Every structure is written in structure tokens, then in C-alpha cells.
Amino acid sequence: MKRMFLFLISILLLTACKVTVEEQLPVEGKEEAIVDEKEKTTPSDEKEVTAPPKENEEEYRLKIKGESPKLSKKAWDSMQQWREDMYHFTAEHETVYLNGPNKKMVALTFDDGPDDVVTPQIIDILNDFGVKGSFFFIGSEIEKNREIVQKTDASGHLVLNHSYHHNEMTKLTEEEMAKEIETTDKAIEAIIGKKPSILRTPYGDTDERVVKVASEAGHTIVLWSIDTLDWSHHDANKTVKNVVENVRNGDIILMHSASIHGENSKALPILIEELKVSGFELVDLATLLNIDAYKLE
């Protein structure tokens, strides 16, 4: 009986020790499990944390370049002020452009045509180089040079609106502005069967009222980021220099194709070659800005 009692006591003691050991094991096992889970976790198991998008990230905007020794100090100072004003103005108006995106592309644009001498010469040069240009024609000149307008369009260049009388738009009433735009649209449509949706205001003269009227007429306003100032110096070398020394990605280059700008027929081939050597693709405004050149009826 005594032996049986001692045997039972031994069993109870062994059971108590086993329970005590087993109660301690999970603590060590939990620590190992945590380590194991960390080792087993792969980057794909973790929730990816991405940086929030940058707010107010500055868009690609260019200051207007180009100079001429023929300008008086007063004229130069006035131009510089206008350039600065337009730089800030375009930042506030998404339908008004100074330049295109930060890509190795530029656009050649030609104002104040059509005429029957310089405009066709420029078209021929562009065609020879396989380059597409953007022409801002004056409505009153369009009706005098219908064949040139047809040739411009048939060659794949853009025929765009430069108002009818080439007046300063900001000095007109809104009704007069609308008439300048609409009459030119109709003159272009009568010849090529399309209404332009891109406007360049004469002298770049643009304000809130002009933007309002142009938008209501379905037009984007496109100015320029390089002014060759060909109208000031009438010198082919200076025209080329103004572009080559200032050109940047996305530049919109302003030249003229009226009869008084014969020097541009000399400057243009040199300019195109220089730009191509520098790796720039020469495109029209619709391509550069990714906008429609004509109204979709």
C-alpha cells in the first residue's frame, strides 16, 4: 500500500513538471514564429507605399527670346514688358500657348500672308525639306490670293486665323473682335473647306476679353516663344541667329511670309538645316501642342 502511494505521488509530480515546461514553450515558440514570419514575408506581401503626387508642380513654360539691334530702347523695353506679361498671362489661361512640351520638337510659324511671292517661296522650301509649317493668314489678303491658300493646304501645311484686318484686338469691342475672327474663318473655309480653330492675335495683342471672345468662337490662341524679329532687322543672318542661339525643346518660332519679308526665303533653308543638325523635329502646331487645327463639324 505504501509503495502504491509513492508511485501515485511520483506520477503526479512528473505530470506537474510536464505542464510547467509546456506552458513555457509557447513563449519561446511565439518569438521564433515572429522571426519566421518576418523571414517569410516578401516585398510583394507588403503593402506598397507610394509618394503622394507633387502639388503645384511647375509646368514646362518658356520665356520669349529674340532680339534686334534696330529696336529703340523704348521699343525694346516695351517689348520686354509685354513678353513678361504674356509669360504670366498664359500661365493663367490654358487656351493660350507660348510654347509646346519639353520634347525635341519645334514649330515654324509664318504670319501676315498670303502674298503671291514670299508665301509660295516659303511653301516650296518647306516642301523640299519635308517640313510642315503653320501659316497665320490675314483675312483681307486671303481673298486676293486664293490659289496660294489652296497650295498651302494642299501641301499639308496649316491654314490658320490671323484676324481679318490685322488690328490690335484689345482696342476693339467684343462684337468687332468676333467679326474679325468669324469673317476670316469663313474666308478660309470658302477656299479649303475647313474652319481653323487656332488663332494668333495681331502683334500678340491679347487680354481677358480677347480670350473670352476667341473661346466662344471655338479658338485656341497660340503666340510664340522665339521671335526672329525679321520684321525689325530684315536680315537673314540675324533671323537664323535668333533661333539657333535660343532654341529649346517645344519652341514656337515666329517668322513672316508677307511680301516685305523676302529675306526669309534665304534664312529658312539655313534655319531648317541647323535645327535638324541639332536633332530637332520640325512639326506643325497641331502636332506640337496636340490640339485640333480645324473645327470638327
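Computed from a predicted model, the values in this text were never measured in an experiment.
The nearest pair of heavy atoms linking V159 to F137 is CG1-CD1, 3.7 Å. Shortest non-hydrogen contact noted between L223 and M86 is CD1-SD, 3.7 Å. In this structure, N246 and G66 approach most closely via the heavy-atom pair ND2-N, 4.1 Å. Considering every non-hydrogen atom in both D115 and V117, the closest pair reads OD2-N, 3.2 Å. Between G250 and N99 the shortest heavy-atom distance is O-CB, 3.4 Å. Taking every heavy atom of both residues into account, P196 and I188 meet most closely at CG-CD1, 3.6 Å.
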With side-chain hydrogen bond (donor to acceptor under 3.5 Å, both in side chains) as the test, would you mind laying out the steps for D116 and N145 before giving the verdict?
-> CA-CA 7 Å; D116 60 356; N145 298 280; over 6 Å; no
Stepwise side-chain hydrogen bond (donor to acceptor under 3.5 Å, both in side chains) check, T109 with R200 = CA-CA 10 Å; T109 68; R200 175 170 287 164; 2.9 Å; yes
Please assess D112 against H162 for the test side-chain hydrogen bond (donor to acceptor under 3.5 Å, both in side chains), listing each intermediate value before the final yes or no.
-> CA-CA 7 Å; D112 295 359; H162 198 39; 3.1 Å; yes
What's the verdict on salt bridge (charged side-chain N to carboxylate O under 4.0 Å, His left out) for E176 and K171, showing C-alpha distance, side-chain angles and the deciding distance?
-> CA-CA 9 Å; E176 289 170 335; K171 295 183 178 180; over 6 Å; no
Going through the checks in order, is the salt bridge (charged side-chain N to carboxylate O under 4.0 Å, His left out) test met by K241 and D235?
-> CA-CA 10 Å; K241 182 179 179 181; D235 184 316; over 6 Å; no
Full working for side-chain hydrogen bond (donor to acceptor under 3.5 Å, both in side chains) between D284 and S134 | CA-CA 6 Å; D284 62 29; S134 303; 5.4 Å; no
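Between the side chain of S78 and the backbone N or O of K74, no donor-acceptor pair lies under 3.5 Å. A donor-acceptor pair under 3.5 Å is absent between the side-chain atoms of K132 and the main chain of L126, judged by distance alone. Proximity of a side-chain donor or acceptor of H219 to a complementary backbone N or O of A217 within less than 3.5 Å is detected. Judged by distance alone, the side chain of N161 and the main-chain N or O of I198 form no donor-acceptor pair under 3.5 Å. Side chain of S163 to main chain of E180: no donor-acceptor pair is present (N/O by atom type, distance under 3.5 Å, no hydrogens or angles). Listed for the D205 side chain is a donor-acceptor partner under 3.5 Å among the backbone atoms of T170.
Ion pairing between R248 and D251 holds under the 4.0 Å rule for side-chain N and carboxylate O. Salt-bridge annotation for K212 and E208: absent, with no side-chain N of the basic residue lying under 4.0 Å from a carboxylate O of the acidic one. A salt bridge is defined here as a Lys NZ or Arg NE, NH1 or NH2 lying under 4.0 Å from an Asp or Glu carboxylate O, and E281 with K103 fails to meet this definition. Look at K179 and E182 and you find no salt bridge, because none of the NZ, NE, NH1 or NH2 atoms lies under 4.0 Å from a carboxylate O. Taking 4.0 Å as the cut-off between side-chain N and carboxylate O, K295 and D185 count as a salt-bridged pair. A salt bridge is defined here as a Lys NZ or Arg NE, NH1 or NH2 lying under 4.0 Å from an Asp or Glu carboxylate O, and E141 with K144 meets this definition. Electrostatic pairing of K151 and D124 counts as a salt bridge here, judged by a charged N lying under 4.0 Å from a carboxylate O.
By the 4.5 Å heavy-atom criterion applied to side chains, L71 and M79 are counted as neighbours. Within the 4.5 Å cutoff, side-chain heavy atoms of F89 are placed close to those of T206. Considering only heavy atoms from C-beta on, L158 comes within 4.5 Å of Y294 through its side chain.
Residues L98 and L229 do not share a hydrophobic cluster, defined by chaining ILVMFWY side chains whose heavy atoms lie under 4.5 Å apart. M255 and F280 fall within a single hydrophobic cluster, where Ile, Leu, Val, Met, Phe, Trp and Tyr side chains are chained together by heavy-atom contacts under 4.5 Å. At a threshold of 4.5 Å between side-chain heavy atoms, the hydrophobic network of Ile, Leu, Val, Met, Phe, Trp and Tyr places I138 and L199 in two separate groups.
The aromatic ring centroids of W82 and W224 lie less than 6.0 Å from each other.
Between Q81 and D85, the side chains place a donor N or O and an acceptor N or O closer than 3.5 Å (distance only, hydrogens not considered). Looking at N242 and T228, their side chains never bring a donor and an acceptor atom within 3.5 Å of each other. Side-chain contact of H256 with D111: a donor-acceptor pair under 3.5 Å is absent, judged by distance alone. For the 3.5 Å distance criterion, the side chains of S197 and D292 fail to qualify, holding no donor opposite an acceptor. Side-chain atoms of H88 and E92 form no donor-acceptor pair, as typed in the model, at a separation below 3.5 Å. S232 and S68 share a donor-acceptor pair across their side chains, judged by distance under 3.5 Å alone.
Here Y164 contributes atom OH and I181 contributes atom CD1; the two are 15.0 Å apart, rounded to the nearest 0.5 Å.
Aromatic ring orientation, Y203 versus H166: perpendicular (interplanar angle above 60°, classes split at 30° and 60°).
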